[in-house]
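The basis for the numbers below is simple: all heavy atoms, side chains too, and nothing from hydrogens, waters or symmetry mates. As the structure lists them, so they are numbered: ligands from 1, and atoms in each ligand from 1.
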Amino acid sequence: MSGEVFEVPAALAASAFIDNDKYLELYKRSIEDPDGFWASMAGRLDWIKPFTRVKNASYDPHHVSIRWYEDGILNAAYNCVDRHADRTPDKVAILWEGDDPAEQRAITYRELQEEVCRFANVLKEAGVRRGDRVTIYLPMIPEAAFAMLAAARIGAVHSVVFAGFSPDSLAGRIRDAGSSLVITADEGIRGGRKVSLKANVDAALEKCPGVSKVLVVRRTGKAVAMQDGRDVYYDDAARGVASDCPVSPMGAEDPLFILYTSGSTGSPKGVLHTTGGYLVYASLTHQWVFDCHEDDIYWCTADVGWVTGHSYVLYGPLANGATTLMFEGVPSHPNPSRFWEVIDRHKVTIFYTAPTAIRSLMAHGEEAVKSTSRASLRILGTVGEPINPEAWLWYHRVVGDGRCPIVDTWWQTETGGILITPLPGATRLKPGSATRPFFGVEPAIVDALGNVLEGATEGNLVLLSSWPGQMRTVYGDHDRFVQTYFSTYKGMYFTGDGARRDEDGYYWITGRVDDVINVAGHRMGTAEVESALVAHPKVAEAAVVGYPHDIKGQGIYAYVTLMEGETPTDTLATELTQWVRKEIGPIASPDKIQFAVGLPKTRSGKIMRRILRKIAEDDFGSLGDTSTLADPSVVTDLIDHRQNRH
Ligand code: ATP
Ligand code: MG
């Protein structure tokens, strides 16, 4: 596998916010004096009343409590909107590109302020008060941003539910959050296809007696059923309200939002984030990880239904007064060059996406990329899953023309912001490694008993201390919070991920700990075997799981999807087995290879290995929580073609 190292481009080291010397110096300070470091970093926000206390966190399982800046008072929407509307009113805040390439909108900070105020007044009229939960089920349209910021402005807590979720999944999240108001649209549009959002809400609300108001944004204009007394069109309501609205002064520890995790490992958790620490952390990481300067055009492709959409489409960039691009569509519509065409049209300089998107675009070949310019790009990023070195190298060479550093950012819904990542002006890059911790972040690798391992090693990834963006609790279930994250290893936050640390202190995320395979006594991360498979020119994507094996304890079962135009054959299966044997060693060679038309993915694009594990074990009677699966039909096909039958 690639052992290549990519040096920091000299010009970037000179112009970036953080170079390597500064990284080393500031990192040391952030760990030795967290209070001093984080007090000074909080100065990037405007506070209504300054805090006197910085960090107050305990990981003791008997009283887990995480508080930052606890006596400070501020408002998140003010920090993301008003202060920029004062200083740079005509700067574009949100650059919106519709599903149809002909649809564009540029919203300045001044306009954003007016839109957010109006939306806030509509919420108030509808009876929403400070502390109330508001569920937002909207497509990637500017109104999603207005709605989130409007809630924050009046101190309500938003819970955004990805607009691809079914009525049942939506209902579960509405009930769990206890929302009495839902914001949706008549329909959404993705990849040219209409999604009946309002009808989904109607179906969901049959199971949510607590909801008394539904605001409906007109996206397509389709006439939808409106229930008298409950449903109101947003534009009708907005016409009757003022375009200014005071901000609510909020405590730093007042909740800002609830967001449910992707559900890759089990039933989704309602992650609660609060105001001050979250915003400091989202803002700082956005500026330094992406080296985002005044005139950058920044584009994160994540949906606002995921945490990446919260922290790095909205809160981080807007808190920094940046221009953030919001994209309604999908990478393959109307053609597989769409991402690159958007980049050329808007002169995007920073581009942040997920490995799943990169791998799917790779399968379409280089020409779809090379036919575009992409000359504006300077920095690339990835998040969501381990990125295989093969995909990394393609992203670097083809998309970035070898010019643009890639920040492989490791983090979680729970962490609020990026924790392990390169900094473009500071970090030499190794394809497939998330590299080093961000400021104030203390990762460690432990063995099964919780012993901290030193030097180059491999094991379970934990965090030894708190950072401001950390989640505060599982909404309504603090016990689950303590159980999930603080009970496995005493005094540590357990991430659920496995990692390797190399001789340079770089971290390599090996996948979820549950996914580690043990073959004849050798522990192996699924990411490693998958990367070897994906490195084969005919393979587009691979997912590897273990299954019970009489002799070896666990056998290796690989699901493989092929590049466009390739045909699955027994000869190719044998070739792939030998390929992995050569790349990693005989111990890693797959026992079973199943060619698949598609892999089961969460709606955020992550491979759901627990389902693949069940199929490999020939035990698919109970697949567990599949509510977050993007395309359930994929599973039927996988079951039909399974290789293990008892
Ligand atoms: P659930 O917790 O409900 O099972 P999830 O873990 O998929 O869902 P997220 O918070 O969206 O929910 O994802 C965080 C996880 O994604 C991390 O724990 C890690 O496994 C993976 N991940 C994110 N970024 C990276 C990255 N850069 N490299 C490797 N893995 C990553
Ligand atoms: Mg998780």
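Every atom of ligand 1 with a heavy atom of Trp411 under 4.0 Å away is listed here by number and element: 14 (C), 17 (C), 23 (C), 24 (N). In the vicinity of Glu414, heavy-atom distances shorter than 4.0 Å reach the ligand 1 atoms 10 (O). Ligand 1 places these atoms under 4.0 Å from at least one heavy atom of Ile509: 29 (C), 30 (N).
Distances shorter than 4.0 angstrom occur between a heavy atom of Gly384 and an atom of ligand 1.
Counting heavy atoms only, Asp497 comes closest to atom 20 (O) of ligand 1 of the residues Val407, Val383, Asp497, Thr421. Nearest to atom 10 (O) of ligand 1 by heavy atom, out of Thr413, Thr308, Leu461, Ile420, is Thr413.
Nearest protein neighbour of atom 6 (O) of ligand 1, counting heavy atoms only, is Arg512 NH1, 2.9 Å. Remark: minimum distance from atom 29 (C) of ligand 1 to any protein heavy atom is reached at Pro386 N, 3.1 Å. Annotation: atom 11 (O) of ligand 1 to nearest protein heavy atom, Ser262 OG, 2.7 Å.
Enclosure of atom CZ in Arg480 by more than 12 non-hydrogen atoms of other residues, nucleotides or ligands within 6.0 angstrom is indicated.
Tyr278 and Phe257 have perpendicular rings, their planes meeting at more than 60° on a 0 to 90° scale where under 30° would count as parallel.
For the pair Arg603 and Phe162, the NZ or CZ position fails the cation-pi test of under 6.0 Å to the six-membered ring centre and within 45 degrees of the ring normal.
Below 3.5 Å of separation, one finds an N or O of Lys606 facing an N or O of ligand 1. The N/O atoms of Gln412, backbone and side chain alike, include one that comes under 3.5 Å of an N/O atom in ligand 1.
The pair Glu385-Lys601 fails the salt-bridge criterion, with no side-chain N (NZ, NE, NH1 or NH2) lying under 4.0 Å from an Asp/Glu carboxylate O.
For the residue pair Glu541 / Thr561, no side-chain donor-acceptor distance below 3.5 Å is found, with atom types taken as modelled.
Residues passing the side-chain contact (heavy atoms from CB on, under 4.5 Å) test with Val634, sequence neighbours excluded: Pro600, Asp631, Leu638. For Asp254, the salt bridge (Lys or Arg N to Asp or Glu O under 4.0 Å) partners are Arg130, not counting sequence neighbours.
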Practice problem: Would you please test Phe439 and Trp288 for ring pair (Phe, Tyr, Trp, His ring centres under 6.0 Å) and show each step? | Solution: CA-CA 10 Å; Phe439 303 105; Trp288 286 359; 5.4 Å; yes
